[in-house]
Protein chains: 2
Amino acid sequence: MKELVTIKEIARQLQVSVSTVSRALRNNPRIGLKTRESVQALAGQLKYSPNAAALNFRSGKSGIIGVVLPEIRENFFSEALNGIEAIALNEKYLVALYQSRDSFEREKQILSALTANRVEGILLSAAKESQSFQHVRDVIAQQIPVVLFDRIPPGVKTHQVGCDVKNGAYQATKWLAAQGSRRIALLNGPPTLVACDDRYEGYITALVENDLPVDSILIKRVDLTPEDTAKKMAQLLALDPRPDAVLAFNDYVALDAMRICRNQGMMVNKDISFASFANLPMNMYLEQPPLVSVEQHPFEIGQKAAEMLIRSIQSGTVPGSDEYERVIIDSHLKVWQ
Amino acid sequence: MKELVTIKEIARQLQVSVSTVSRALRNNPRIGLKTRESVQALAGQLKYSPNAAALNFRSGKSGIIGVVLPEIRENFFSEALNGIEAIALNEKYLVALYQSRDSFEREKQILSALTANRVEGILLSAAKESQSFQHVRDVIAQQIPVVLFDRIPPGVKTHQVGCDVKNGAYQATKWLAAQGSRRIALLNGPPTLVACDDRYEGYITALVENDLPVDSILIKRVDLTPEDTAKKMAQLLALDPRPDAVLAFNDYVALDAMRICRNQGMMVNKDISFASFANLPMNMYLEQPPLVSVEQHPFEIGQKAAEMLIRSIQSGTVPGSDEYERVIIDSHLKVWQ
DNA sequence: TCAGGCTACGCAACCGGTTGCGTAGCGGGT
DNA sequence: ACCCGCTACGCAACCGGTTGCGTAGCCTGA
């Protein structure tokens with residue numbers, strides 16, 4: 001490594017003390033104007049840049065925030081990361097990213113790697129597999145602020161940023177009903193995800209409001225794999241009478257389900273309508289995307305979560321047992337065509 | 001912040017010196033066995049974990065590698081990141097990720113933020129906009145190892161990991177010819193990307209080998225926006241005779257081009273065949289994906305690049321002006337249906 | 001009995017920058 | 001001439017862990 005210029009070198013060349021250089025660089029009025037100027041001039045000339053490691057060490061801060069999410073390739077999360085990145089770059093934080101790939105073990109491993117590296121705060125969207133959240137509470141117990149976003153585990157008392165999934169489900173279901181659907185099925189996600197309850201509630205509310213019967217046989221849960229979706233959708237299609245619409249957990253589930261319908265010779269969005277969540281950019285390339293999809297504004301969710309985390313870091317207050325913020329970002333219905 | 005246990009605290013409680021504790025924790029045989037054991041026992045009990053900032057400071061290493069790429073939402077890059085992450089997690093490096101969004105200015109800003117934070121090395125996939133690469137050479141001049149992957153700028157002498165795009169283009173074109181296509185167009189990318197030259201060469205080679213005429217009117221460049229692709233594809237369709245096949249820069253370009261064909265009432269992959277690069281997972285949801293797509297193995301590219309970077313970091317040698325490695329990962333043709 | 005060696009540990013500098021406290025030197029007021 | 005106060009800067013500790021060098025204390029052998 002080529003030696004980088006330090007404050008000492010500047011001090012030596014100008015025959016002043018290191019403390020003078022330090023203060024001069026920070027424009028401390030205690031140092032005379034001429035000295036300040038000559039120090040700054042030499043610093044610029046030598047391309048001095050402060051040693052971040054030394055600053056981090058002394059201040060006890062690392063300037064890094066950790067981001068843990070299931071899969072960056074999911075559009076929702078990459079958009080959320082964009083929001084996070086936008087804030088972090090502004091606030092001069094480095095973003096350390098890791099994917100849990102929905103594995104509980106990886107999530108634990110990553111959190112401990114992040115805490116060992118003294119990240120100043122963590123943004124977490126929980127793995128599908130995770131059911132116990134002691135590892136998250138452990139982080140908070142170490143006084144490291146955590147903000148949960150989107151996949152918010154129950155029972156962890158810290159700041160949270162979510163999406164108004166319940167209203168989204170309500171609006172989507174209502175829309176299907178307004179289009180004339182009478183037997184609307186729900187292809188919900190796994191019980192470990194809290195957002196599934198919200199979808200369920202919104203769905204039920206809309207059914208009731210439209211005088212549609214609630215039939216539990218029309219409600220299925222999938223584990224988000226294409227195989228399971230295919231299986232559950234086939235079960236729905238075997239019913240008599242068949243459902244005439246499906247509210248799917250997200251666009252991927254909807255697309256997997258649609259394939260089964262097509263395989264059985266049905267006309268998608270004619271014989272059976274689809275609504276879902278996510279509003280994938282890929283929808284624009286499909287000949288038959290879900291008729292409506294609930295846009296969840298992942299970018300804004302990421303931004304908001306990053307803002308809350310940085311505020312939490314800078315205020316030095318880790319949310320205690322009972323005071324924490326919970327922010328809900330509005331969703332809105334995106335109608336295709 | 002709750003005070004974290006330091007080596008001093010352990011020393012105080014056991015009435016030994018800090019140096020003894022330090023050596024005992026590292027199992028230095030200079031320290032007697034009983035002392036070592038009692039130190040380690042107390043450390044475990046107090047949940048001591050070394051202050052990473054102090055270690056980084058003293059060692060002059062940060063334990064962070066920076067990753068700069070255009071857009072994480074592009075499947076290719078998120079897969080490459082997966083490969084990088086796999087290696088980094090193993091080697092205990094933190095990954096700091098930033099997206100240039102294909103902007104030259106952002107790329108410069110990000111590189112300087114990363115160097116200011118003393119990352120130990122950088123993995124870079126260049127922005128589409130970038131034409132001068134002094135900012136990259138500056139990083140290398142600071143003795144920070146850089147490995148370029150996929151979007152490899154010309155004239156930067158450092159390690160590189162790319163994909164065998166030329167052969168991919170050759171294979172794809174050959175495949176189209178074997179299917180009976182006689183007028184194969186090329187929808188290539190912007191001239192700033194070196195990989196475009198490779199595509200061009202592979203395309204030409206296959207044409208010549210199959211006794212097909214090379215007609216420059218069939219070769220267009222797009223800037224990767226849907227609008228420009230639409231415009232160039234329309235120009236191709238206005239020709240008489242029309243091309244009967246298109247080799248597109250990547251799947252997105254192919255999909256955008258296909259939409260124009262459909263708008264003009266053509267049957268995609270019947271009236272006109274498509275081949276492209278990337279092999280998007282989304283293809284499986286399309287009714288008419290490109291017939292063949294060149295799989296570029298982004299995961300392996302990311303892995304290899306991360307391995308090279310870490311080797312470079314650990315050997316302490318920044319590639320000089322003339323000795324650097326260039327690794328090419330094989331591509332292979334993925335035929336749909 | 002004492003030199004020499006070995007065991008087992010302590011002292012203190014060091015990494016780079018920050019900061020509380022101290023002080024030399026000078027000017028002005030009386 | 002003397003004291004006060006102000007300007008402009010230096011000294012040294014500090015953050016936490018590492019490491020070269022030093023040394024007390026004990027054992028061994030001649």
Side-chain angles (χ1 to χ4, degrees), chain A residues 1-40 42-43 46-63 92 115-120 142-143 316, chain B residues 1-40 42-43 46-63 92 115-120 142-143 316:
Chain A
M1 293 284 274
K2 187 182 65 177
E3 304 315 317
L4 291 163
V5 230
T6 71
I7 248 183
K8 270 183 196 161
E9 176 61 16
I10 298 178
R12 198 186 57 75
Q13 293 196 23
L14 291 177
Q15 299 286 21
V16 294
S17 73
V18 291
S19 51
T20 298
V21 175
S22 172
R23 285 191 254 252
L25 289 171
R26 309 198 141 273
N27 253 315
N28 188 319
R30 276 186 40 179
I31 304 302
L33 193 55
K34 303 163 302 294
T35 311
R36 254 188 285 166
E37 282 173 350
S38 62
V39 166
Q40 290 175 10
L42 184 59
L46 298 180
K47 293 200 210 307
Y48 166 79
S49 100
N51 183 327
L55 293 177
N56 292 341
F57 172 50
R58 177 146 226 285
S59 64
K61 320 235 154 184
S62 60
K92 311 277 179 215
T115 56
N117 274 283
R118 299 285 198 275
V119 295
E120 287 187 50
Q142 288 178 49
Q143 302 295 107
Chain B
M1 291 287 273
K2 187 181 64 178
E3 303 316 316
L4 291 163
V5 224
T6 72
I7 246 183
K8 270 183 198 163
E9 176 61 18
I10 298 178
R12 198 187 56 76
Q13 292 196 24
L14 292 177
Q15 299 286 21
V16 294
S17 72
V18 290
S19 52
T20 299
V21 175
S22 173
R23 284 190 254 253
L25 288 172
R26 309 198 142 270
N27 254 314
N28 188 319
R30 275 185 40 178
I31 305 301
L33 194 55
K34 303 164 302 296
T35 311
R36 255 188 285 165
E37 282 173 349
S38 61
V39 166
Q40 291 175 10
L42 185 58
L46 298 179
K47 294 198 211 291
Y48 166 79
S49 99
N51 183 326
L55 293 177
N56 292 340
F57 172 50
R58 179 149 225 285
S59 65
K61 320 235 155 185
S62 60
K92 312 275 181 217
T115 54
N117 275 282
R118 299 287 199 274
V119 295
E120 288 187 50
Q142 288 178 47
Q143 302 295 108

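Chain naming here is simple, since letters A, B, ... match the order of the sequence lines and numbering starts at 1 in each. Keep in mind that this is a model prediction, so the values were computed, not measured.
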So what does [X] hit on the nucleic acid, given a heavy-atom distance under 4.0 Å: a base, only sugar-phosphate, or nothing?
X	answer
B/T6	sugar-phosphate
B/V21	nothing
B/R26	sugar-phosphate

Test side-chain contact (heavy atoms from CB on, under 4.5 Å) on A/N51 and A/T6 and set out the steps. CA-CA 8 Å; A/N51 183 327; A/T6 71; over 6 Å; no

Name the residue closer to the 5' end of DNA chain C, choosing between B/S17 and A/V18 according to the nucleotide with the nearest heavy atom. B/S17

Residues at least two apart in sequence or cross-chain that pass salt bridge (Lys or Arg N to Asp or Glu O under 4.0 Å) with A/R12, listed by chain then number, are A/E9

Only counting residues at least two apart or in another chain, list the ones meeting salt bridge (Lys or Arg N to Asp or Glu O under 4.0 Å) with A/E120. none

Taking all non-hydrogen atoms of both residues, which atom of [X] and which atom of [Y] are closest, and how far apart?
X	Y	result
B/L46	B/V5	O-CG2, 3.0 Å
B/L25	B/Y48	CD1-CE2, 3.6 Å
B/I31	B/A24	CG1-N, 4.0 Å

Side chain to side chain donor-acceptor pair (under 3.5 Å) with [X]: which residues, sequence neighbours excluded?
X	result
A/T35	none
A/T115	none
B/R36	B/N27

Please confirm whether the backbone N or O of B/K34 pairs with a side-chain atom of B/S38, one donor and one acceptor, at under 3.5 Å? yes

May I have all residue pairs that pass salt bridge (Lys or Arg N to Asp or Glu O under 4.0 Å) and include part of residues 14-32 of chain B, sequence neighbours excluded? none

Contact check, residues 29-37 of chain A vs DNA chain D, heavy-atom distance under 4.0 Å, returns A/R30, A/I31, A/G32, A/T35

Contacts of B/S17 meeting side chain to side chain contact (heavy atoms under 4.5 Å, CB included) (sequence neighbours excluded), chain-then-number -> B/S19, B/T20

So what is the end-to-end bend of the helix from C/dT1-D/dA30 to C/dT30-D/dA1, with 5 pairs used at each end and the value given to 10 degrees? 80°

Please identify the 5'-most and 3'-most nucleotides of DNA chain C with any atom under 4.0 angstrom from a heavy atom of chain B. C/dA8 to C/dG16

Please table the atom pairs, donor to acceptor, closer than 3.5 Å between any side-chain atom in residues 52-62 of chain A and protein atoms at least two apart or in another chain.
unit_1	atom_1	unit_2	atom_2	d
A/N56	ND2	A/A52	O	3.2
A/N56	ND2	A/S62	O	3.4
A/S59	OG	A/L55	O	2.8
A/S59	OG	A/N56	O	3.4
A/S59	OG	A/K61	N	3.2
A/S62	OG	A/I64	N	3.3
A/S62	OG	A/R118	O	2.6

Those residues of residues 47-54 of chain A lying under 4.0 Å from DNA chain C by at least one heavy atom: A/Y48, A/P50, A/N51, A/A54

Between B/T20 and A/F57, which residue's closest nucleotide on DNA chain D lies nearer the 5′ terminus? A/F57

